[in-house]
Structure formats: C-alpha cells, structure tokens
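Quantities reported herein were computed from a predicted structural model and do not represent experimental measurements. Hydrogens, waters and symmetry mates are skipped; everything else that's a heavy atom, side chains included, is used. We're numbering straight along the sequence, starting at 1.
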Amino acid sequence: MEAVNIVAKIRNEVKIFSIDGITKNLPDLLRKPCKILVEDSEKEVFLIGALGIVSGMLPNIRGKYAGKWIAPNLFVYVLAGYGGGKGALDYARALGTKIQEAKRTEAEIIKNDYSKAIEVYNKDLKNYLRSKNEGSEPPEKPAPPPTLTLFTPANISKSGLYQLLDENDGSGILFESEGDTLADALRQDYGGFSDTLRKTFHHEDLSFFRRTGNEMKEIKKPKLSAVLSSTFDQLRLLIPTIENGLFSRFLYYVVKTDNRFLDVFDERKDVYEDYFDAAGNTFKSLYDYLSKLKTPIWFFLSTDQKHRFFSIFVDKKENIIEETDEAMAGTVNRLGVIAFRIMMLFTVLRAYETGNLSENIHCSDVDFENAMRLIGRLETHAKTVFEYLNGQLGKKELVINMR
C-alpha cells in the first residue's frame, strides 16, 4: 500500500472517531477515568488498556456465543515506537492494583500457615520414624501454598503460566508494558507461549504434568486476559506471520506519533495517582461481589441486536476480504467475539453502577452502539498491523501511520 493512501486512511479514521464521542456514553467506571486524563492520547491508550484489564476482573460472567459460553476476557496489544506514549497503560493497570494487593496479602497469610504446618509435620514425621509402630500411618505432608495473583508477568515460562492459572482458579491477567521484557520471554519460550494464548482465548482446557507432585493437572475453561505493549519489531517475535493463529485473537491499538513535548507540570495531572488508587477500590468491590456468587450472571442481547450484529459482521467480512486479503477473514470472526465481550463488559459495569446486577443482564442499545464504534476503529488498526506483518507496510509508513 502506498504511503499516501495510508495517510488518507488514517485521516479519514480520525474524522470518524472521536474519543469524547465514545467516552461520553460509557459506564461511569470507565467514563470518569477518561475524563480525568488530560491528553487525548492518554484517554485512548487508557481506555483500550482498561478493556483488557477489566475483562480479567469480572468472574462469574457468562454469555452464549456460537453455541458455547464465553467470559468477557480480552487480548489487547498496544503498539508504539520507543517512548511513544504507552504510559497510560499504567493507569489501566491501577484499576486492578487493590485486587492484586489483597491476593498477595492472602498468599502471605497462607504461606505463614504453611510454614507452621511444615514444622508440625517434620516433628510428627520424626516421631513416626523413631517409633516404628506397626499399623500406624505416617503424617500427611501439607500441600505447598498457592501463588495467588491477579497479574501474571510476561517473562514467564509455559509451565509457570500453567501453574499460576491452576492456582488462581484458571484466571489471570497477563500484563506487560515493556517490550524488551516481553521480547526476552518470547525468545526463550515462543512456541508454548503462543499455543497457550491461542487456546485460552477460547477457554479451551489446558493440561500439564507437574513433576513436583508427579501428577497430571487439568485447567478447565481457563479465563485469561492479556494486555501487552511493544514496538512493531518486538511484535514479530510473538506473531512472526499473519498465518499464525494468534494474530486474529488480539485487539490492536496503534498509538499515533505525537512529537510535541507535553507539559509535565500541568497541575491537572497531579490528581492522577490518588484518583486511580481510589478507582482500584471500586473495582475491587465489584470483583469481590462477583467472586462470591454461587451461580454465574448471564448476559444477553435482544433479538433486534442479534440481527444487527449478524448483519454488521456479514458486511465486515465481505468488505475486509475485498479490501485486503482472504487471510483477514479470521480476523473478522474474532472481532465478532471481541465485540460481544466488550458489550458484555460494558453491560456488567453499567448494571453494577445502577444496582441492577441480577442473574440475567441485558445489553442496552447505548452499549451495543459504543462497542460497535470501537470495533470499527479497532478494525482499522488490525488492518494496519496486518499490512505490516504481511510486508505491505514498512517502518517508514508506520511512522506516518501513527502521526
């Protein structure tokens, strides 16, 4: 694709999409943080990152899609040049900080209890071996404490990721905002990393062998979310080709280059840390409420929304094949899953805010339209990434693309 056409496409995209146009109708739990942020680039990166983070903090939410239940979990990938404005992802991560702190505190308590139990076990085992009473049973060794966590670092092996998922009810958020860390992890364990992400996107069961206890473990319906960020070069380590099935599972956002030096002394930004710290408490309250439910909450679209959804994606698939390549057909299929999950996420937040979080929740037309507007924007970014990985778009054009 010629650079001039790319520039025209992005300019057209900017006219169609307005960050304020999207955020003004969002549930307050997302709208208010966007309003607090000063720069438009911060708002956009935060919102895209928050979709991924929040999607991993909604246990016991289900929706039927293509005959199977799915949870709201999303895979988000933010792409930018070095120092290209990905910092707002830290504010998105802050929404889960209180949950993370609570899990780590609980893990420490369990670890201390385990240490005491091991002391008792060692003492009882010594007495058992010393007495050698026939018919007596040896003491049972306490199970090692789990590593409770919400966030999973990207510099982890396949077996390590499986273990963390197993010890956290099959759930977690893979978060990494530093491309170099992600790149190092992928160099060491690329194959397993990619395979695991492809499976967990669809909640496919995982199995692994734990040598420590000499046992086979199964993780039923894993619910993993991912928020990753890197440069385009580092993206190729994870997704070297568009034929890799992982490509279509991610929601991409390309940060447009802004060569301005931003006012680092803008006093409006002084409230950021306190605001997002408080927002973390709100999301923890929602997480705690959902975690305690004995039965899942089910999400539904109306009959009219289902018809509109189907019609929109039929057109999208025809258009994207005509405009790009048949290889992009799978991307539209996955964009449908992503759209449904975003609708689910918006509906849960709005129902919680209004006190209407019951066993069945229904998507409003506002949340349906907002999700579809976001998908329209993200589809353009997916095409840009496709063109880059397919060799149709070089680095020079990418720089232009992000202006």
Side-chain angles (χ1 to χ4, degrees), residues 1 5-6 8-10 12-18 21-22 25-26 48 51-52 55 61-77 198 201-204 239 242-254 298-348 361-390 392-393:
M1 182 180 290
N5 292 332
I6 296 165
K9 179 180 71 173
I10 295 301
N12 185 50
E13 171 198 342
V14 171
K15 290 177 184 177
I16 293 172
F17 180 88
S18 163
I22 288 287
N25 291 321
L26 288 175
I48 298 303
L51 292 177
S55 77
I61 301 296
R62 303 282 186 273
K64 275 288 183 72
Y65 191 92
K68 299 179 181 179
W69 71 256
I70 61 173
N73 304 84
L74 295 166
F75 287 1
V76 172
Y77 210 126
R198 292 199 303 271
F201 181 85
H202 296 291
H203 311 306
E204 294 179 26
I239 307 173
I242 55 172
E243 295 176 2
N244 180 302
L246 191 54
F247 165 74
S248 61
R249 286 165 169 83
F250 272 94
L251 173 166
Y252 296 98
Y253 185 77
V254 180
W298 286 90
F299 164 80
F300 297 94
L301 296 179
S302 68
T303 300
D304 179 62
Q305 287 168 347
K306 289 177 183 177
H307 290 324
R308 290 165 62 198
F309 189 102
F310 176 69
S311 177
I312 288 169
F313 278 96
V314 166
D315 289 343
K316 280 187 180 298
K317 194 161 188 177
E318 290 177 356
N319 292 337
I320 207 166
I321 291 174
E322 182 179 340
E323 293 172 5
T324 55
D325 191 284
E326 284 191 8
M328 280 288 282
T331 294
V332 179
N333 293 341
R334 302 286 166 44
L335 278 174
V337 179
I338 291 168
F340 186 80
R341 285 172 165 165
I342 292 175
M343 292 172 191
M344 198 185 311
L345 187 155
F346 286 166
T347 302
V348 172
I361 53 176
H362 299 267
C363 186
S364 69
D365 286 339
V366 169
D367 290 328
F368 182 92
E369 294 297 340
N370 260 345
M372 283 303 188
R373 288 189 69 195
L374 273 171
I375 287 298
R377 176 76 185 272
L378 297 169
E379 179 185 353
T380 302
H381 286 245
K383 289 177 184 176
T384 300
V385 177
F386 173 89
E387 290 160 4
Y388 171 72
L389 292 175
N390 203 33
Q392 298 168 254
L393 196 60

So, taking the atom named [atom1] in [X] and the one named [atom2] in [Y], what distance separates them when rounded to the nearest 0.5 Å?
{"X": "I338", "Y": "L345", "atom1": "CD1", "atom2": "CG", "result": "13.0 Å"}
{"X": "I239", "Y": "F247", "atom1": "CD1", "atom2": "CZ", "result": "7.5 Å"}
{"X": "N319", "Y": "F313", "atom1": "CG", "atom2": "CZ", "result": "12.5 Å"}
{"X": "H381", "Y": "I48", "atom1": "NE2", "atom2": "CD1", "result": "8.0 Å"}
{"X": "L26", "Y": "L374", "atom1": "CG", "atom2": "CG", "result": "7.0 Å"}
{"X": "S248", "Y": "L246", "atom1": "OG", "atom2": "CG", "result": "8.0 Å"}

Output all residues satisfying side-chain hydrogen bond (donor to acceptor under 3.5 Å, both in side chains) with [X], sequence neighbours left out; order by chain, then residue number.
{"X": "D367", "result": "R350, S364"}
{"X": "T331", "result": "none"}
{"X": "D365", "result": "Q305"}

Taking only residues two or more places apart in sequence, or in another chain, which ones meet [X] in a ring pair (Phe, Tyr, Trp, His ring centres under 6.0 Å)?
{"X": "F201", "answer": "F75"}
{"X": "F368", "answer": "none"}
{"X": "F300", "answer": "H362"}

Heavy atoms only: give me the nearest [X]-[Y] pair and the separation to one decimal.
{"X": "M343", "Y": "C363", "value": "CB-SG, 4.1 Å"}
{"X": "I320", "Y": "K383", "value": "CG1-CE, 3.7 Å"}
{"X": "P72", "Y": "S55", "value": "O-CB, 3.2 Å"}
{"X": "A371", "Y": "F346", "value": "N-CE1, 3.9 Å"}

Problem set entry | side chain to side chain donor-acceptor pair (under 3.5 Å): pairs with one or both residues in residues 65-76, sequence neighbours excluded |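 Found N73-S225.
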
Exercise. Residues two or more places apart in sequence or in another chain: which of them pass side chain to side chain contact (heavy atoms under 4.5 Å, CB included) with H202?
Worked result: E204, R249, R334

For this session: If a pair satisfies ring pair (Phe, Tyr, Trp, His ring centres under 6.0 Å) and one of its residues is in residues 317-338, list it, with sequence neighbours excluded.
Result: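 Counting only pairs at least two positions apart or across chains, no ring pair (Phe, Tyr, Trp, His ring centres under 6.0 Å) contact touches residues 317-338.
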
Problem set entry | For K316, the option from I321, I375, L335 that meets side-chain contact (heavy atoms from CB on, under 4.5 Å) |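 Considering I321, I375, L335, a side-chain contact (heavy atoms from CB on, under 4.5 Å) with K316 is found only for I375.
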
For this session: Tell me, please, which residues at least two apart from K317 pass salt bridge (Lys or Arg N to Asp or Glu O under 4.0 Å).
Result: none

